[in-house]
Protein chains: 2
Amino acid sequence: MARLADVSKTTVSYVINGTGYVSEERRTRIELAIARLGYRPNAFARGLRSSRVSTVGVVSADAADPFVARVTSGILAEAAARDIIVTVSVDSGPSSCPESGRVGARQTGEPLIYVTDNEFSAEAYATLAARHVVVLAGEGEHRLGRAAAAMIDPRPAAHDLATFVVSSGHTRVAIVTPARWSGKWSERAAGLRDGLIAAGIPWVGITTISAEVSVHGGRVAIEELFMVTPDLSLRPTAVLCVDDSVAIGVLQRSREVGLIVPDHLSVTGFGDTTPAQTTSPRLTTARLPAEEIGQAALEMLLRSADLGDKAIPARMIAASMVRGGSVRPPQLDTGTGMGVER
Amino acid sequence: MARLADVSKTTVSYVINGTGYVSEERRTRIELAIARLGYRPNAFARGLRSSRVSTVGVVSADAADPFVARVTSGILAEAAARDIIVTVSVDSGPSSCPESGRVGARQTGEPLIYVTDNEFSAEAYATLAARHVVVLAGEGEHRLGRAAAAMIDPRPAAHDLATFVVSSGHTRVAIVTPARWSGKWSERAAGLRDGLIAAGIPWVGITTISAEVSVHGGRVAIEELFMVTPDLSLRPTAVLCVDDSVAIGVLQRSREVGLIVPDHLSVTGFGDTTPAQTTSPRLTTARLPAEEIGQAALEMLLRSADLGDKAIPARMIAASMVRGGSVRPPQLDTGTGMGVER
DNA sequence: TTGTATGCGTTATCAC
DNA sequence: GTGATAACGCATACAA
């Protein structure tokens, strides 16, 4: 307690919070003591007394996931500016633990941000929302009723990618869509499709390949494309993938069969993940504004906690296109039958 | 307060903590109330009164860094098992903020784990250690005196990589070392060198290339190797890199000049990062036990907090080799002069 | 076996 | 202007 250095503790509280009147002399004396002791007020005890929000929790299924980590990082930056402490915990989910939806060491009442790379678990949300103010952070539309949410809107980026490919001169384009038509990926796929149509590609010009969303899925998908359209004059000259992993699989397999990207084939991904940033050529893809989502989520959470339980409109932040070298105008000499041989 | 549901709050405290004697009847009554209200004790308030450690802090320069995120994830897993709350904050460092070494919203006295992907900042550590029990988490040897630390030991993996390459039949090997001979990377490089020598490669068989640790650095390095040893019968048949990023650069540039990995050139990385996991062929590299480091760091921190300030020996956890397809015995027909042309 | 009193670090209220 | 004092949610020594 810094009050040993001078006078009373109420006065110390005053100077720290800027409230009340403190004489100039004591103020400097106290500030000096604070500096010398390196004193920092305990935010927990502070939140105990005052009803102000002093800590927020971040809960996810996997804190090591790159997307989750980036969102957390955004929350951290915003929280530091507001002097708010962030606690992180992992929701182990109903399966791994007998008590359903157990959330690790979570205190009652703490405002929470539930962030996921993928789909939100309805049960986890229900458990959380029962005792906390919760804001969702993720991508696309969530199916959790009127829950407050800060989400990434993949459509602008999808639109830009499609437009970019079409304006580069491609007229036969393939989209690799997820095998399971679910949340995040289906929205990306829909965005890409809509973008192509808006850019003037006729239905017959769009080939849709359903694949597992993974590197291997991408390899299988492009293989399938080679099989289905052996006629080079009909084969798509550009492949739009719903995820970077798929695009990397496409890149790999194409190269293995002798195709050069982007000369023989243009490829785009989605996510701007670390692997996609180091491909050669650099993948044209969509950047996910994860940090911004974290920041927005924290802002919403604080507003939401203040306002009680008034519904707050979901906030969408647009993903944006990142230009790489994996797209260029289709070449005429795609010929030589490459990509057909096993 | 759950005491509305039955009797007094001391009794509730007893049943929650397992201390004291509670009659069977009341115990079940209380447990029922707890379950129905979904009550969870507030760990902050708990830590306020009892001297037990109930919260630990994780501080890093960048919470979104994959390595840091993995360590944090390990801490989280261990903390959940012990019902400890984890707070995360970013040390913005002395440069970004006038008050030197400011650590975001950190409460005084909380035990801390300082984790970094790279070198520890001596000033940041000093600031932290002045008011907290601190355990370091990172890779290699730290230069911070007798500070408690859980660190990754890169040498076993380096040794295995070198041995694996040599036992595959390679006799002329190159090591790509960091331009700046600092901490983490220098230890990896030293480990690789020692491993090669231990495996029986003579000094003259080892080519050392100094490069920037990045994808681009890897490209430059391999280019340099081609220049320096145009004579194929003298050129190294395997390249050991101190980091995955470098290895990826080597992979890319090699392919661009027409070399096939691993037929014409074997390559190894270090780190087993996400990009390295998706190369084709899969990169042979070293896995960093980040989660284990996090777990060990938390254990050490708790012991350290209990023991007061007794020095705790540093704990090293070995990195291990991951076999990919990027290494195979050297082929005789490396010929054709490939890799020499611009 | 159970209730009461006290203190942890902080803010808010209200006398002085 | 300033300093007691209560209260926040919890653990604990002690009294009942």
Side-chain angles (χ1 to χ4, degrees), chain A residues 1-31 33-34 37-55 57 82-85 87 105-111 131-132 305-306, chain B residues 1-31 33-34 37-57 82-85 87 105-111 131-133 305-306:
Chain A
M1 268 310 217
R3 118 187 38 96
L4 302 178
D6 35 7
V7 280
S8 96
K9 61 181 176 181
T10 309
T11 323
V12 174
S13 178
Y14 280 159
V15 35
I16 288 179
N17 295 290
T19 48
Y21 304 89
V22 183
S23 72
E24 207 50 51
E25 183 225 341
R26 292 182 189 238
R27 155 164 285 126
T28 48
R29 196 143 47 106
I30 293 175
E31 279 171 349
I34 289 180
L37 269 64
Y39 172 81
R40 302 223 79 198
N42 184 322
F44 300 147
R46 177 179 268 171
L48 208 53
R49 183 70 179 114
S50 67
S51 54
R52 264 189 49 223
V53 169
S54 64
T55 74
R82 297 171 186 260
D83 241 73
I84 286 177
I85 287 197
T87 69
R106 198 106 303 298
Q107 85 170 299
T108 17
E110 185 179 35
R131 277 187 296 288
H132 305 265
D306 279 352
Chain B
M1 264 314 212
R3 117 187 45 97
L4 302 177
D6 34 6
V7 281
S8 96
K9 62 179 177 181
T10 310
T11 324
V12 174
S13 179
Y14 280 159
V15 35
I16 288 179
N17 294 291
T19 47
Y21 303 88
V22 183
S23 72
E24 206 51 51
E25 185 224 340
R26 293 182 188 240
R27 156 164 284 126
T28 48
R29 197 140 49 104
I30 293 174
E31 278 170 349
I34 289 179
L37 268 65
Y39 174 82
R40 304 223 78 196
N42 184 322
F44 299 147
R46 176 180 267 170
L48 210 53
R49 182 74 175 102
S50 68
S51 55
R52 264 190 46 226
V53 171
S54 64
T55 73
V56 301
R82 297 172 185 259
D83 241 73
I84 287 177
I85 288 196
T87 69
R106 198 106 303 297
Q107 83 170 300
T108 17
E110 185 181 36
R131 277 186 297 288
H132 306 264
V133 178
D306 278 353

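Quantities reported herein were computed from a predicted structural model and do not represent experimental measurements. Labels below follow one simple rule: chain letters A, B, ... track the order of the sequence lines, proteins then strands, and each chain is numbered from 1.
- Straight-line distance from the CZ atom of R52(A) to the P atom of dT11(C): 8 Å, rounded to whole Å.
- Remark: T55(A) OG1 to R46(A) CZ distance equals 12.5 Å, nearest 0.5 Å.
- Remark: N17(A) is in phosphate contact with dT11(C), judged by side-chain N or O atoms under 4.0 Å from OP1 or OP2.
- Atom CZ in F44(A) sits roughly 15 Å away from atom P in dC10(D) (whole-Å rounding).
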Protein-nucleic acid N or O pairs under 3.5 Å, nucleotides 1-3 of chain D:
| from | atom 1 | to | atom 2 | distance (Å) |
| --- | --- | --- | --- | --- |
| dT2(D) | OP1 | S23(A) | OG | 3.0 |
| dT2(D) | OP1 | R26(A) | NE | 3.0 |
| dT2(D) | OP2 | S23(A) | N | 2.6 |
| dG3(D) | OP1 | R26(A) | NH1 | 2.9 |
| dG3(D) | OP2 | S8(A) | OG | 3.3 |
| dG3(D) | OP2 | T11(A) | OG1 | 2.6 |
| dG3(D) | O6 | Y14(A) | OH | 3.1 |

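- Spacing between atom CD1 of I16(A) and atom C1' of dG9(C) amounts to 11 Å, rounded to whole angstrom units.
- For A43(B) against S54(B), the heavy-atom pair with the smallest separation is O-OG, 3.1 Å.
- Nearest approach of R27(B) to V22(B), heavy atoms of both residues: NH1-O, 3.7 Å.
- Over its length, the helix from dG3(C)-dC14(D) to dC16(C)-dG1(D) turns its helix axis by 50°, as judged from the five terminal pairs at each end, rounded to 10°.
- Between the side chain of R49(A) and the base of dT10(C) there is no donor-acceptor pair of N/O atoms closer than 3.5 Å.
- Residue whose closest nucleotide on DNA chain C sits further toward the 5' end, between T19(A) and L48(B): L48(B).
- Put simply, OG1 on T11(B) and CZ on R26(B) are 6.5 Å apart, with the number rounded to the nearest 0.5 Å.
- Between R46(B) and dA11(D), a side-chain N or O to OP1/OP2 separation shorter than 4.0 Å is present.
- When all heavy atoms of A305(B) and V53(B) are compared, the pair lying nearest together is CB-CG2, 3.9 Å.
- Atoms CZ and CZ, from R82(A) and R52(A) in turn, are 10.5 Å apart once rounded to the nearest 0.5 Å.
- From F44(A), atom CZ reaches atom CD1 of I85(A) across 4.0 Å, with rounding to the nearest 0.5 Å.
- Here the CG-CG distance, from N42(B) to L48(A), works out to 7.0 Å after rounding to the nearest 0.5 Å.
- If you take CD1 of I85(A) and C1' of dT10(C), they are 13 Å apart, rounded to a whole angstrom.
- Atoms CD and CD1, from E25(B) and I30(B) in turn, are 10.0 Å apart once rounded to the nearest 0.5 Å.
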